[in-house]
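Below is one structure, written out as structure tokens; comments come after it.
Lettering of chains follows the sequences in order, A, B, ..., and the numbering in each one begins at 1. Scope of the values below: all heavy atoms of this structure, side chains included, with no hydrogens, waters or symmetry mates.
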There are 8 protein chains.
Amino acid sequence: MSEKLWRIYLSGEIHTDWRDEIAKGVEGASLPVSLSAPVTNHSASDDCGVAILGPEPDKGWHDRKGALMNSIRTKTLIEEADIVVVRFGDMYKQWNAAFDAGMAAALGKSLIVMHPPEHAHALKEVCAASSAVVERPDQVVEILRYVIRAELKGY
Amino acid sequence: MSEKLWRIYLSGEIHTDWRDEIAKGVEGASLPVSLSAPVTNHSASDDCGVAILGPEPDKGWHDRKGALMNSIRTKTLIEEADIVVVRFGDMYKQWNAAFDAGMAAALGKSLIVMHPPEHAHALKEVCAASSAVVERPDQVVEILRYVIRAELKGY
Amino acid sequence: MSEKLWRIYLSGEIHTDWRDEIAKGVEGASLPVSLSAPVTNHSASDDCGVAILGPEPDKGWHDRKGALMNSIRTKTLIEEADIVVVRFGDMYKQWNAAFDAGMAAALGKSLIVMHPPEHAHALKEVCAASSAVVERPDQVVEILRYVIRAELKGY
Amino acid sequence: MSEKLWRIYLSGEIHTDWRDEIAKGVEGASLPVSLSAPVTNHSASDDCGVAILGPEPDKGWHDRKGALMNSIRTKTLIEEADIVVVRFGDMYKQWNAAFDAGMAAALGKSLIVMHPPEHAHALKEVCAASSAVVERPDQVVEILRYVIRAELKGY
Amino acid sequence: MSEKLWRIYLSGEIHTDWRDEIAKGVEGASLPVSLSAPVTNHSASDDCGVAILGPEPDKGWHDRKGALMNSIRTKTLIEEADIVVVRFGDMYKQWNAAFDAGMAAALGKSLIVMHPPEHAHALKEVCAASSAVVERPDQVVEILRYVIRAELKGY
Amino acid sequence: MSEKLWRIYLSGEIHTDWRDEIAKGVEGASLPVSLSAPVTNHSASDDCGVAILGPEPDKGWHDRKGALMNSIRTKTLIEEADIVVVRFGDMYKQWNAAFDAGMAAALGKSLIVMHPPEHAHALKEVCAASSAVVERPDQVVEILRYVIRAELKGY
Amino acid sequence: MSEKLWRIYLSGEIHTDWRDEIAKGVEGASLPVSLSAPVTNHSASDDCGVAILGPEPDKGWHDRKGALMNSIRTKTLIEEADIVVVRFGDMYKQWNAAFDAGMAAALGKSLIVMHPPEHAHALKEVCAASSAVVERPDQVVEILRYVIRAELKGY
Amino acid sequence: MSEKLWRIYLSGEIHTDWRDEIAKGVEGASLPVSLSAPVTNHSASDDCGVAILGPEPDKGWHDRKGALMNSIRTKTLIEEADIVVVRFGDMYKQWNAAFDAGMAAALGKSLIVMHPPEHAHALKEVCAASSAVVERPDQVVEILRYVIRAELKGY
């Protein structure tokens, strides 16, 4: 009745369907979880500032307007989250993912990092601030099942 | 079902219907938003203190009593807000608007500033602390649609 | 629908029915308010510690056990309150009322002080930290009506 | 209607049914209470990390992975609690119980310590930071009844 | 060389020389202590506001101006203190002393309460929030000697 | 020897020599005070961003760069201050002054407001958050003398 | 000249000379370090409360008075520390050590845990919150040398 | 005499001499600045954990031990800094740099980002949280001269 709703923010890579996999897993397990995320439409995320506030001839200010507008969403949701999951993918610099992880760590959030094995050394500072390091979305679901419901396969 | 309710505080100018325009836009878009604001009845806002607590012959203390009583509302609502929108209009000194913006900035709130173009230079410190600068209420609605629903016209 | 519930803590004097008057006024005005208070049964408040945890031959430790147990309630409710109302009555030392006011001030709560006129000078430090000073419960109801609903008689 | 839900975290000893006794007592008294606890399945608690994240040949890292995963649950629930109850039993080192008590104290939570009489001296620093020291689960229920409902047997 | 300087704020009663006794004791023991206090000149403390800011015909505002000016000193020094000592004397209401104690408690300061035995019951909430309750200034000096230097007579 | 150094930030109007008057008064009274202020060279303050980071054809971004750079100074110094003095002069919009006052209030700083009498009503919200309202720099010096040294002329 | 002084609190076991070893090592390396600790005179630590505040016939209150007095020292020093080192020895329950570790973790301090290998499993939650786990005092000195001076043998 | 010492943390790229250039510039301008940085000896930074705490056969735990030990230094210094400068170079993933920037932003530090022009788009979220974006170390020195001394070439 008064079951706690766990708020999970899913930061980082936006070009695969990992958030959907977590959403399905969470729904399948009927976990009391509220998932949130940055805007995952890449071009909307790039252009939101100028689309609403007016165009900028300079690419730098075009980006600045967009990044500031996106920060309204990301900062609010990270600050409200119980757990922040940050996924590093195969491409791009992904500095915004690491930036979110730094914010989460400084705010005392529980941090879960997802990355392919080859990034382990480069992510060692980020992972050292985390409570779990995983490779796949289903592991996030398993963690949530255990952390929230105390359910662990085979136990 | 467990959708986050976004709390938006609308500070500043009280002589036009900009808050109504935002309210209509937000309702039209069915956004999960709770709008709040200072008391916008100017004379009630000026006289509330003496009306309830007793008259003051000195205008300064008349004002003090009212301002302190209004602060119960404004401080509570600003502290609870996710986003603070501050509108600077054409008239008056509007120092309370800038004061609210300073509070919002110090509390780490996402700040949106609305002002006519001619005030840009005088508001540069306030705008530099904001996540977006707009001229019209419909832009606030567009920002909220994007930030909350990830909806952006044309994307 | 998503109207904010205002949490009001009513601290201080426990020998008159001022809390009931505020409760009736708030109910009469249908204000979205949750009132809370310390335990107002004086002897229960004095003896709760030893009644549950076991007797103490020394009056000082009898009192300590009770005061610590009461603090579980008072501290939690003050920390959650939006507004703390502290009433100073005619009798007793009432240091716990002033103590609650100090806590409320340090926590940044909006403070309303209620006291008979003859206590004005002795309460000047407490009142200087408040947003309103009143004499009667109906004034608290009027403040809440104004602060929450923007309703002010005659405006 | 808008009655406050009190969040109680039950930390410490996991080999007796003291949490069930509190749960029954709280239910019997119809208290508006949400009880939470660490995972009380001892082996699941030990192995959760490796079960989900992959095996570790070294027992120390096996433990580290598990303890970090458990911290997602315990830290979140302690930070949200109004009251933290910590029970010290007869066996084991129980350093995690004392660690939770230290966290609760530093976070300003109301702390209730439950322990058999023979541990009194060894727990004096922990108890000095608490609001009540009890020996039995029914005393916790009585405290909650008093603190939440102002009900005290015989008063 | 880099010995910590302990900052001690001495709040409360201003009509006896208890602060001097503590100062002498601390100096005699060469403790690394910085003592601070409210303005102890009673009439200056009452009149400071109007003396600097201009007269007020109304006694209430005369007091308000003074209390607000004094708060610049007291709030700053309490917030900086490691330990707050609050003395309750034989006379007056002393609500400002209890108010300071409440602030100190909410700010997490270590609190020492000094009072004559007959005030014990009336001060039970204040004392329950303290780390020590004493009757005489020399006990404060002994506490400081022990806490800072680990020196205890006979040990 | 270990006298506290009081840190005072002097915000607001930059076209008269009021800061010098305070500096002289403070020096004349040998007060242990560290005065700080925004950059008071108006054109440097406007152009600092583009001068160091590179030119902007758009006036708005020219201003943004400057305001952000100035915020490094002002935010750091306000956060460190014990007391923030904000002066409103006769000219300009002075929204940055009110913004600083809002920041100071939200950070719990003691606030002193200086303004000519004709601005009283427009500044009522700002003044209601202050500990003192003055008209002249010598009054600030008198306040500091009283608050720091407990010296008050004629007492 | 303006080299940072690192404040290290050494909590836990008080029956061996491990603090002296760290002190010598730190002095030998001329590290800019201020070491602090609880009172390590066991009987003074037990009796300080009654020795200064007056005797208690009940052992429990004897202990309470002492533990509260010791908390003035320990809480202040832990809150000021940059690094908290907690040593678990071979004897006693050492719940106060784990309690200090919990406080340090909740306050965001860097935590170093020292313990003999056989305690590893029982301390897994405490160690999981730490930045380093060591067995010997010289390792603490090496960590400080590296962290403060960037000196590491062989590099 | 009591001039404020500004604490600047220089995060990020460790393979060029940009920190030395800033140090020289700051020294040349006699600025009251304390510069700090992570350990810039790359192999020491990688191996510190195992060198002091003992070897790990698994590369992941080797890294974890090192990263946690480095965090003692970096977290402490970032939390103490007034300004955090983060430099992104030409090589490596540099996620720890972005992580530091996220921490700095969440802690409310003034952030300066240094990067070559080609990284502008990838760093847009990081730069949007900053107070200045520069390309060269001498610009950092110019900012410090302006922010601390109000000196700006040509003004």
How long is the gap from CG on E:Leu111 to CE on E:Met103, to the nearest 0.5 Å?
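That separation rounds to 12.5 Å.
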At a cut-off of 3.5 Å, what donor and acceptor atoms pair up between chain E and chain C?
{"unit_1": "E:Asp46", "atom_1": "OD1", "unit_2": "C:Lys124", "atom_2": "NZ", "d": "3.1"}
{"unit_1": "E:Asp46", "atom_1": "OD2", "unit_2": "C:His121", "atom_2": "NE2", "d": "3.4"}
{"unit_1": "E:Lys59", "atom_1": "NZ", "unit_2": "C:His121", "atom_2": "ND1", "d": "3.2"}
{"unit_1": "E:Asp63", "atom_1": "OD1", "unit_2": "C:His121", "atom_2": "ND1", "d": "3.3"}
{"unit_1": "E:Asp63", "atom_1": "OD2", "unit_2": "C:His121", "atom_2": "ND1", "d": "2.8"}
{"unit_1": "E:Arg64", "atom_1": "NH2", "unit_2": "C:Cys127", "atom_2": "O", "d": "3.3"}
{"unit_1": "E:Lys93", "atom_1": "O", "unit_2": "C:Trp95", "atom_2": "NE1", "d": "2.7"}
{"unit_1": "E:Trp95", "atom_1": "NE1", "unit_2": "C:Lys93", "atom_2": "O", "d": "2.7"}
{"unit_1": "E:His121", "atom_1": "ND1", "unit_2": "C:Lys59", "atom_2": "NZ", "d": "3.1"}
{"unit_1": "E:His121", "atom_1": "ND1", "unit_2": "C:Asp63", "atom_2": "OD1", "d": "3.3"}
{"unit_1": "E:His121", "atom_1": "ND1", "unit_2": "C:Asp63", "atom_2": "OD2", "d": "2.8"}
{"unit_1": "E:His121", "atom_1": "NE2", "unit_2": "C:Asp46", "atom_2": "OD2", "d": "3.4"}
{"unit_1": "E:Lys124", "atom_1": "NZ", "unit_2": "C:Asp46", "atom_2": "OD1", "d": "3.1"}
{"unit_1": "E:Cys127", "atom_1": "O", "unit_2": "C:Arg64", "atom_2": "NH2", "d": "3.3"}

Relative to chain C, which of E:Ala106, E:Gly66, E:Ala98 shows the most heavy atom pairs under 4.5 Å?
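When all of E:Ala106, E:Gly66, E:Ala98 are compared, E:Ala98 has the most.
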Top residue by heavy-atom pair count (under 4.5 Å) with chain C, among E:Leu123, E:Val133, E:Leu68?
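Top count of heavy-atom pairs under 4.5 Å with chain C: E:Leu123.
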Which bit of C:Ala122 comes within less than 4.5 Å of chain E, counting heavy atoms only: side chain, backbone, both or neither?
both
Using heavy-atom distances under 4.5 Å, tell me whether C:Ala97 contacts chain E through its side chain, its backbone, both, or neither.
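Contact with chain E involves no heavy atom of C:Ala97 at all.
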Residue pair E:Leu10, E:Leu35: steps toward the side-chain contact (heavy atoms from CB on, under 4.5 Å) verdict:
CA-CA 7 Å; E:Leu10 304 175; E:Leu35 301 174; 4.2 Å; yes
So E:Val33 and E:Leu5, do their side chains get closer than 4.5 Å, heavy atoms only?
no
Any E:Leu107 side-chain heavy atom under 4.5 Å of E:Ile78 side chain:
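Yes, their side chains come closer than 4.5 Å.
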Would you check, one step at a time, whether the test side-chain contact (heavy atoms from CB on, under 4.5 Å) holds for E:Ile8 with E:Ile22?
CA-CA 11 Å; E:Ile8 320 293; E:Ile22 291 176; over 6 Å; no
Grab the two heavy atoms, one from E:Ala129 and one from C:Phe99, that are nearest each other, plus how far apart they are.
CB-CZ, 3.7 Å
Which one of C:Val147, C:Val141, C:Val140 satisfies the side-chain contact (heavy atoms from CB on, under 4.5 Å) criterion with C:Leu144?
C:Val140
